[in-house]
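Keep in mind that what you see is a predicted model, and the values were worked out from it rather than measured. Any value given below was found using the heavy atoms of this structure, including those in side chains, with hydrogens, waters and symmetry copies removed.
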Amino acid sequence: MRRYGPAVLLALVGTAILRVSLFSELYLRYVQAGLRPYLVVSGAALVLLAVAVAGVARGAAVHEAEGHGGGDGDGHEGGAGDGGGDGHEGAGEHAGHSHSDTHSHGPAGPRVAWFLTLPALALLLFPPPALGSYSAEREAVQRAAQGVGTFPDLPSGDPVDLALGEFGSRAVYDSGRSLKGRTVRLTGFVTRDGDGTWYVTRLLVSCCAADATTAKAEVRGVEAPPVDTWVTVTGTWHPEGELGSTEAWPPVVDVTSLRRVRQPDNPYEKR
């Protein structure tokens, strides 16, 4: 059975990739939507490779079985034609061969090797969740690195739906104060500081979850739901500090309404 270990491992990994990319939207927890075709192709290639490896292993097993069968026949004929001494010597050689096989093909090795399939099986059955508050809290405080400037006008009508990344950029860097007097609607998950301050937060990615950075807004005026709860808040920007300064980050929003929502299929914003 150990012959098929590599094939099983490849099949599990390939199937797990296909599960999250071809048969569901779970891949959005890890990469941008544009990378889906590459995941599908990779998963299919791994499954096909697993089939090929299994075929090679089966062919090798059949060939080995046929070889052992021929050797037994020759050994039997040699024992019949030779004298008792030769037969005794042949028996000794056979015993030595069996003893060697016991050491080189013992059961401990294959049993341990099969544990390599457990991570792939876990990925197939229990895909990891999207990044959440823990990852957001590890992000260092945003510094004023991009400079102050003007931003395009916001769409007409209130409330205006904004990505948290855009809201933060306008609040910290927009010299035109495009957020002033406007009602905004922001969606993200809840994070908290040790002093009770809480934020509506979103992770921004360029390519995949590995390069995620944090966008967040401090919420005032309503009580905080549990950490990692997804919410949509509606309110107005509350200016803090000078534009482009560390005091202006994170931006503050005075919230007038809060609604719990389901985590979106794509939990990340594009950076």
Side-chain angles (χ1 to χ4, degrees), residues 19-36 39 126-139 142 151 154-172 174 178-238 240 249-271:
R19 180 198 171 189
V20 301
S21 61
L22 182 60
F23 302 111
S24 73
E25 304 295 324
L26 292 174
Y27 75 99
L28 292 171
R29 297 179 179 180
Y30 322 115
V31 299
Q32 288 288 347
L35 296 178
R36 185 178 200 173
L39 288 175
F126 310 105
L131 300 180
S133 59
Y134 175 74
S135 298
E137 289 165 2
R138 294 180 61 190
E139 176 72 15
Q142 179 173 326
F151 284 68
L154 289 172
S156 60
D158 285 335
V160 57
D161 288 296
L162 284 181
L164 271 164
E166 182 180 359
F167 176 77
S169 295
R170 288 177 180 270
V172 177
D174 184 13
S178 58
L179 291 175
K180 187 175 182 180
R182 300 299 303 272
T183 301
V184 297
R185 187 159 50 207
L186 310 170
T187 297
F189 57 89
V190 175
T191 57
R192 301 188 67 159
D193 282 343
D195 61 2
T197 303
W198 75 279
Y199 309 88
V200 56
T201 306
R202 205 72 178 259
L203 292 171
L204 288 71
V205 301
S206 295
C207 173
C208 61
D211 63 22
T213 57
T214 304
K216 63 182 180 180
E218 180 184 337
V219 176
R220 297 179 184 175
V222 293
E223 293 187 1
V227 169
D228 284 325
T229 302
W230 280 82
V231 296
T232 293
V233 297
T234 303
T236 56
W237 173 48
H238 184 112
E240 291 278 344
W249 172 261
V252 179
V253 57
D254 291 324
V255 171
T256 56
S257 68
L258 177 149
R259 177 169 54 92
R260 298 192 185 196
V261 297
R262 294 182 59 184
Q263 176 182 299
D265 289 335
N266 185 357
Y268 306 125
E269 292 180 1
K270 188 170 180 61
R271 184 166 56 193

For the student: nearest non-hydrogen atoms of A217 and F167, plus distance: CB-CE2, 3.8 Å
Are V222 and V233 close enough, and set up right, to give a side-chain contact (heavy atoms from CB on, under 4.5 Å), and what steps lead you there? CA-CA 10 Å; V222 293; V233 297; 5.5 Å; no
So, does E269 use its side chain to make a donor-acceptor pair with the main chain of R202 at under 3.5 Å? no
Show your working on side-chain contact (heavy atoms from CB on, under 4.5 Å) between T191 and T214 and close with a plain yes or no. CA-CA 11 Å; T191 57; T214 304; over 6 Å; no
Would you say D174's side chain and F151's backbone share a donor-acceptor pair under 3.5 angstrom? yes
Find the distance between CG (L186) and NZ (K216) and round it off to the nearest 0.5 Å. 14.5 Å
Less than 4.5 Å apart, side chain to side chain, heavy atoms only: is that true for P225 and W198? yes
Are any side-chain N or O atoms of W249 and backbone N or O atoms of G168, one a donor and one an acceptor, separated by less than 3.5 Å? no
How long is the span from the CD atom in E166 to the CG atom in L204, to the nearest 0.5 Å? 11.5 Å
Where is the tightest heavy-atom contact between L258 and E223, given as atom of each residue plus distance? CD1-O, 4.4 Å
Does this structure show an ion pair linking R220 with D254, if we count only N-O contacts that are shorter than 4.0 Å? no
Separation between CG of D228 and OG1 of T201, rounded to the nearest 0.5 Å: 9.5 Å
Value rounded to 0.5 Å, distance of CG in L162 from CZ in R170: 6.5 Å
Let me confirm one number: the OG1-CZ distance from T236 to R182, rounded to the nearest 0.5 Å. 12.0 Å
Quick one: do Y199 and D193 satisfy side-chain contact (heavy atoms from CB on, under 4.5 Å)? Show the steps, please. CA-CA 8 Å; Y199 309 88; D193 282 343; 2.5 Å; yes
Taking T234's backbone N and O only, do any of them form a donor-acceptor pair with T256's side chain (distance below 3.5 Å, no angle check)? yes
How far apart are the closest heavy atoms of A171 and L179, and which atoms are they? N-CD1, 3.6 Å
For L39 against S21, the heavy-atom pair lying closest together: CB-CB, 3.6 Å
Chi angles and distances behind the side-chain contact (heavy atoms from CB on, under 4.5 Å) call for T232, V200: CA-CA 8 Å; T232 293; V200 56; over 6 Å; no
Nearest-0.5 Å distance that lies between atom CG in L203 and atom OG1 in T213: 7.5 Å
